[in-house]
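Each chain gets a letter, A, B and so on, in the order the sequences are listed, and its residues count up from 1. Not measured: the values here are computed from a predicted model.
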Amino acid sequence: MFDDLSSVMKRVLKFGTLLVLVIVVLGSLIGYFVAGVSGVLAAQLGGLGALAFTGLTALSVLVGARLNLAGFLGAVLGGWLLKMLLFLVAFTVLNRAEWLTREARPIVFFTIVTAVIGGLILDTRIVSKARLSADVKLP
Amino acid sequence: MQIIHLAAEVATQVSQVSGNLGVLGYGLAAIGPGIGVGLVVSKTIESIARQPELAARLQVTMWLGIAFTEALALIGLATPFIFV
């Protein structure tokens, strides 16, 4: 059977969430040894940020797949713009948070980077394994 | 000679600028992926216009291109956590 756009995106969201959960657990362990409870919170924050950033794109494609081409592009690009603004505000607020100690800050960064790069590897694998059909009407 | 004077004047003006350099960081983190996503989308529209029957495949490939490009934006936005 062939896959469609929605089934690929649902698979990406499902396995992407699992990957981020694993990275958050590992990051929390490392964070606890490096910076205590603040390190654990930092790892969870990084995982949540990475999941929201990459997941929202997949979600916007999932929603856009039900619309026509203009609607699809509007959903994906509009979602991207909103996401950039949202993250600018969120990271500015978090950067001033006092509960995030100086030792714990790199944990946020490295959790995000690991989750994003791991997510990209996963995405590439899912897309390369997907069987997408060409919508050709045979005579 | 005039150029040297002008350069010295610009250097003096720049040294008096105050504010948060993080703003420049956000601009750089947004502009690169912005251009990248624009290119990915424009090429996808061209391709779908040429071969509409491949729209589903092209949309998935476009999403993968956007995912790689926006990874740079996310890493750029997160750098204040290690640099500040």
Side-chain angles (χ1 to χ4, degrees), chain A residues 2-6 8-9 12 42 45-46 49-50 53-54 56-58 60-62 64-65 69-70 72-73 76-77 80-81 83-85 87-88 90-92 94-95 100 102 104-113 115-117 119-120 123-124 126-128 130 132-137, chain B residues 14 16-84:
Chain A
F2 289 110
D3 297 308
D4 60 350
L5 191 58
S6 302
V8 175
M9 286 303 126
V12 162
L45 189 70
F53 202 86
T54 52
L56 277 173
T57 313
S60 66
V61 173
L62 196 63
L69 184 61
F72 173 77
L73 295 174
V76 175
L77 296 177
W80 197 79
L81 184 65
K83 200 169 57 179
M84 287 293 279
L85 280 171
F87 270 76
L88 174 68
F91 281 168
T92 309
L94 286 170
N95 214 19
L100 205 59
R102 199 168 178 79
R105 281 164 182 269
I107 303 287
V108 182
F109 179 78
F110 288 113
T111 312
I112 287 176
V113 171
V116 165
I117 292 173
L120 286 176
D123 295 348
T124 312
I126 289 172
V127 171
S128 62
L132 290 157
S133 67
D135 188 21
V136 180
K137 303 277 184 294
Chain B
V14 168
Q16 287 169 352
V17 172
S18 61
N20 193 345
L21 273 177
V23 176
L24 287 178
Y26 170 71
L28 290 172
I31 196 168
I35 294 170
V37 167
L39 283 174
V40 169
V41 171
S42 75
K43 291 293 172 187
T44 307
I45 295 169
E46 277 179 24
S47 307
I48 293 176
R50 280 171 198 265
Q51 286 178 293
E53 69 275 9
L54 289 180
R57 278 184 174 202
L58 292 168
Q59 281 169 334
V60 171
T61 316
M62 180 190 102
W63 165 76
L64 197 61
I66 290 178
F68 271 89
T69 315
E70 75 179 5
L72 280 176
L74 183 55
I75 293 169
L77 285 176
T79 46
F81 286 109
I82 52 167
F83 291 144
V84 179

Is any side-chain heavy atom of [Y] closer than 4.5 Å to one of [X]?
X      : Y     : answer
A:W80  : B:P33 : yes
B:E70  : A:M84 : no
A:D123 : B:F68 : no
A:V76  : B:Q59 : no

Which atoms of [X] come close to chain B, meaning under 4.5 Å heavy atom to heavy atom: side chain ones, backbone ones, both, or neither?
X      : answer
A:T124 : both
A:L100 : side chain
A:L81  : neither
A:A65  : neither
A:L69  : side chain

Of all the heavy-atom pairs spanning B:I82 and A:P106, show the shortest one and how long it is. CG2-CA, 3.7 Å
Options A:F87, A:F110, A:F53, ranked by heavy-atom pairs under 4.5 Å with chain B, top entry: A:F53
Heavy-atom pairs under 4.5 Å with chain B: which of A:L88, A:V8, A:T54, A:I112 has the most?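 Counting heavy-atom pairs under 4.5 Å, the top option is A:L88.
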Mind checking the [atom1]-[atom2] spacing from [X] to [Y]? Nearest 0.5 Å is all I need.
X     : Y      : atom1 : atom2 : result
B:W63 : A:T57  : CH2   : OG1   : 8.5 Å
B:M62 : A:L73  : CE    : CG    : 5.5 Å
B:L64 : A:S128 : CG    : OG    : 9.0 Å

Is chain A contacted by the side chain of [X], its backbone, both, or neither, given a heavy-atom distance below 4.5 Å?
X     : value
B:I66 : side chain
B:A55 : neither
B:V41 : side chain

Name the option with the most non-hydrogen atom pairs under 4.5 Å to chain A; the candidates are B:I75, B:T44, B:V60. B:V60
Exceeds 12 heavy-atom contacts within 6.0 angstrom, atom CD1 of B:I31: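 No - once you tally the heavy atoms of other residues, nucleotides and ligands closer than 6.0 Å, there are 12 at most.
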Aromatic ring proximity, centroids under 6.0 angstrom, A:F91 and B:F81: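 Centroid separation for B:F81 and A:F91: below 6.0 Å.
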